[in-house]
Amino acid sequence: MSWNRIFKKRVKNESPIVPEETTVTTIQEENTSVKGESSTQAPYDYGLDGLGILLMSNDYGWKIHKENQKKVILTNPLDCKEKITLLGMISAWRGTGHTEWEAILGWYFIKTVVNAIEHNETEADITSLFNRDFLASNNRVFTQKQVYSHLIKFFDIVEETDEVLKLKVHI
């Protein structure tokens with residue numbers, strides 16, 4: 001089918017005029033070419049602002065388990081600096097049966113990691129990933145045990161006691 005038929009206008013089949021000489025300028029060159037202006041890099045976007053859009057369905061909830069709960073510590077949050085995003089975590093952790101659960105898990109993880117990075121901490125408390133059942137409509141439940149089974153393959157167990165589980169994320 002011809003574009004002419006779609007738009008009912010005569011469309012010229014000519015290439016655009018290309019100037020004989022072109023100059024390619026990079027962003028860095030542009031930033032440094034302005035006198036008195038310093039070149040600054042935009043901050044890394046972990047994608048945390050996108051959570052609201054992902055949860056617009058309001059089809060999610062959780063039940064926190066406080067009894068006999070181990071504290072779960074991430075031992076390498078600084079390794080995650082500028083390497084993770086919310087959409088990346090959702091994609092990696094898909095398979096829970098509900099995208100909203102994956103978004104919440106990713107958000108908890110990144111929010112905790114970013115806080116540790118900002119404070120240059122070598123450990124981060126990620127207990128909130130593992131201490132709850134996730135709920136959704138039609139009586140769907142992703143239990144605390146299912147969460148553990150689903151997520152643990154993304155981590156190495158560094159140390160485990162009755163009170164603490166220390167993990168290192170594969171990054």
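Basis for what follows: all heavy atoms, side chains included, without hydrogens, waters or symmetry-related copies. Predicted model only: the values in this text are computed from it and were never measured.
The minimum heavy-atom distance linking Leu78 with Glu121 is given by the pair CG-O, 3.5 Å. The minimum heavy-atom distance between His170 and Lys153, with the atom names listed, is CE1-O, 3.3 Å.
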**Request:** Using the side-chain contact (heavy atoms from CB on, under 4.5 Å) rule, take Phe130 and Leu167 through it: C-alpha gap first, then chi angles, then the decisive distance, then the call.
**Result:** CA-CA 12 Å; Phe130 297 96; Leu167 303 174; 4.0 Å; yes

**Criterion side-chain contact (heavy atoms from CB on, under 4.5 Å) on Leu151 and Phe109, from CA distance to verdict** = CA-CA 11 Å; Leu151 295 183; Phe109 181 76; over 6 Å; no

**Asked** Would Met89 and Ile84 satisfy side-chain contact (heavy atoms from CB on, under 4.5 Å), going step by step from the backbone distance to the final call?
**Response** CA-CA 7 Å; Met89 297 307 300; Ile84 57 175; 4.1 Å; yes

**Request:** Start with the C-alpha gap between Asp125 and Ile73, add the side-chain angles, then the distance that decides, and say whether side-chain contact (heavy atoms from CB on, under 4.5 Å) holds.
**Result:** CA-CA 5 Å; Asp125 185 344; Ile73 303 295; 4.1 Å; yes

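Taking a cutoff of 4.0 Å between a charged side-chain nitrogen and a carboxylate oxygen, Lys168 and Asp79 do not qualify as a salt bridge.
Between the Thr75 side chain and the Glu123 main chain, no donor and acceptor come within less than 3.5 Å of each other. Distance alone, capped at 3.5 Å, places no donor-acceptor pair between the Asn138 side chain and the Arg140 backbone.
Using a 3.5 Å distance cut-off with no hydrogens or angles, the side chains of Glu100 and His98 do pair a donor with an acceptor.
Between Tyr60 and Trp62, the ring planes lie parallel to each other; the angle is under 30°, not in the 30° to 60° tilted range. Taking the six-membered ring where the residue is Trp, Trp101 and Phe142 present parallel rings, their angle staying beneath 30° rather than reaching 60°.
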